[in-house]
Amino acid sequence: MSAEHAHAAHHDDHGHDHGSHASYIKGFLLSVILTAIPFGLVMAGGFESRALTAVTVIGFAVVQILVHMVYFLHMNGKQEEGWTMLSTIFTVVVVVILLAGSLWVMYHMNTNMMPQMDHELMQGFGS
Amino acid sequence: MSHATTDTMRQYWELEPHHHPEGASTSLGFWVYLMSDCLMFAVLFAVYGVLGTSFAAGPGPKDLFDLELVAVNTAMLLLSSITFGFAMLAMGKGDQRGTLRWLAVTLFFGLCFLAIELYEFHHLIHIGAGPQRSGFLSAFFTLVGTHGLHVTFGSIWLVTLMVQITRTGLIPANQRRMVCLSMFWHFLDVIWIGVFTFVYLLGMI
């Protein structure tokens, strides 16, 4: 036991945190639960409201991604003097802008490009 | 005079190049690569989000996807993630045989994942739901296929690393490669969470 502690301390010196057996198992069990619940929910037909089911499933995915980041990728604010965290936050911001922006713009474009809309416009121009 | 100037400069600048230990910045650099890869996947997710409902009067997610198969696939990738974790722990103890054994188990689960995915793709193409059928299927094959390609190259890297460790042991260079590949492997599992949530689960609601 003390040898294990000495070993852990040795690794902390190098700044590489490979985690411990317990933390990997904990992350794995959490991931299994966080995967099984949304799968079970959708397979069982979901809630009456489709939107509620979708939000629940996405919520579980977000939590599971955080679990993977902490227990498997060993993310913390101190790694590489905070640069790992900073680059991750930057990426998350860009990803959110990219996804939300694309979906928003394309949704509105689809709405405005609907054939009947075109037709109404044509009629408007004609009169 | 010049000596005095150098002394003054020494107060403000480091004149001698300071040495970083070899490979000190590798894990940060590799992380930045993974983040750029993440942006590429984000674009593919956005494409799927935009084209995911363009069925061209063809089959939709509910006609095509088999959630039980996806659940098995997810389990394979999750198991391979934890076994890679065990390989890293074995490496931390300096246990070369243990590392190689856990890497082999990881490779097995990775190949199972690829086999199931190829079976799914083959099945879809066989029933006429190939990438050319509709915008939805083009986006599906691009997104899931790109992830599968990553797992394929990860598996090739895994085999390469197993050969390297067998030949030269757990030398610092090989340990560094292990750290990078473990980040790559766990990152692919994170992307898969997005895939099974947004493509499969939301498609089946």
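Per chain, numbering begins at 1; letters A, B, ... match sequence-line order.
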Heavy-atom proximity to chain A below 4.5 Å, by part of B:Leu79: both
task: Rounded to the nearest 0.5 Å, what's the gap from NE2 on B:His186 to NE2 on A:His74? Could you check?
output: 6.0 Å
task: Enter the distance from A:Met106:CE to B:Leu51:CG here, rounded to the nearest 0.5 Å.
output: 7.0 Å
- prompt: Quick one: OG1 on B:Thr83 to CZ on A:Phe28, what's the gap to the nearest 0.5 Å?
  reply: 9.0 Å
field: Derivation and outcome, side chain to side chain contact (heavy atoms under 4.5 Å, CB included), residues A:Thr84 and B:Met35
entry: CA-CA 10 Å; A:Thr84 307; B:Met35 289 301 101; over 6 Å; no
statement: Heavy atoms of A:Pro38 and B:Leu201 approach each other most closely as CB-CD1, 3.8 Å
- line: Whatever's closer than 4.5 Å to a heavy atom in chain A on B:Phe196 counts as side chain
- request: Anything under 30° is parallel, anything over 60° is perpendicular, the rest tilted; go ahead and classify B:Phe86 against A:Tyr24.
  value: perpendicular
- request: Flag the pair A:Phe72 / B:Phe84 as yes when their ring centroid distance falls below 6.0 Å, and as no otherwise.
  value: no
- request: Please flag which part of A:Val32 lies under 4.5 Å from any non-hydrogen atom of chain B: side chain, backbone, both or neither.
  value: both
message: Within the supplied structure, the quantity of interest is the number of heavy atoms (other residues, nucleotides, ligands) at a distance under 6.0 Å from A:Tyr107 OH; does it exceed 12?
response: no
task: Locate the shortest heavy-atom distance separating B:Thr74 from A:Thr35; write the atom from each residue and the value.
output: CG2-CG2, 3.6 Å
message: Just so I understand: if I count every heavy-atom pair under 4.5 Å between each of A:Val67, A:Val94, A:Ile58 and chain B, which residue has the most?
response: A:Ile58
- prompt: Mind checking whether B:Glu68 and A:Met43 have side chains closer than 4.5 Å, heavy atoms only?
  reply: yes
- line: Taking every heavy atom of B:Trp31 against every heavy atom of A:Met69, the minimum-distance pair comes out as CH2-SD, 4.3 Å
Most contacts with chain B, counted as non-hydrogen pairs under 4.5 angstrom, among A:Val62, A:Val105, A:Leu103, A:Val92: A:Leu103
- line: Heavy-atom nearest pair, B:Cys38 first then A:Val95, reads SG-CG2, 4.4 Å
- request: Just give me the residue among B:Leu78, B:Leu202, B:Asp189 that pairs up with chain A most often, heavy atom to heavy atom, under 4.5 Å.
  value: B:Leu78
query: How far apart are the closest heavy atoms of A:Ala61 and B:Thr197, and which atoms are they?
result: CB-OG1, 3.3 Å
- prompt: Atom CZ of A:Phe47 and atom CD1 of B:Ile205: how far apart are they, to the nearest 0.5 Å?
  reply: 10.0 Å
query: Of the listed residues (B:Leu34, B:Val32, B:Val70), which shares the most heavy-atom pairs with chain A below a 4.5 Å separation?
result: B:Val70
Portion of B:Val47 that has a non-hydrogen atom of chain A nearer than 4.5 angstrom: neither
message: For a quick test of reading the model, state the closest non-hydrogen atom pair linking A:Phe39 to B:Leu67 and the distance between them.
response: CE2-O, 3.8 Å
statement: Residue from B:Ala71, B:Gly49, B:Ala75 scoring the most non-hydrogen pairs under 4.5 Å with chain A is B:Ala71
- prompt: Which region of A:Leu34, side chain (C-beta onward) or backbone (N, CA, C, O), has a non-hydrogen atom less than 4.5 Å from a non-hydrogen atom of chain B, or is it both or neither?
  reply: neither
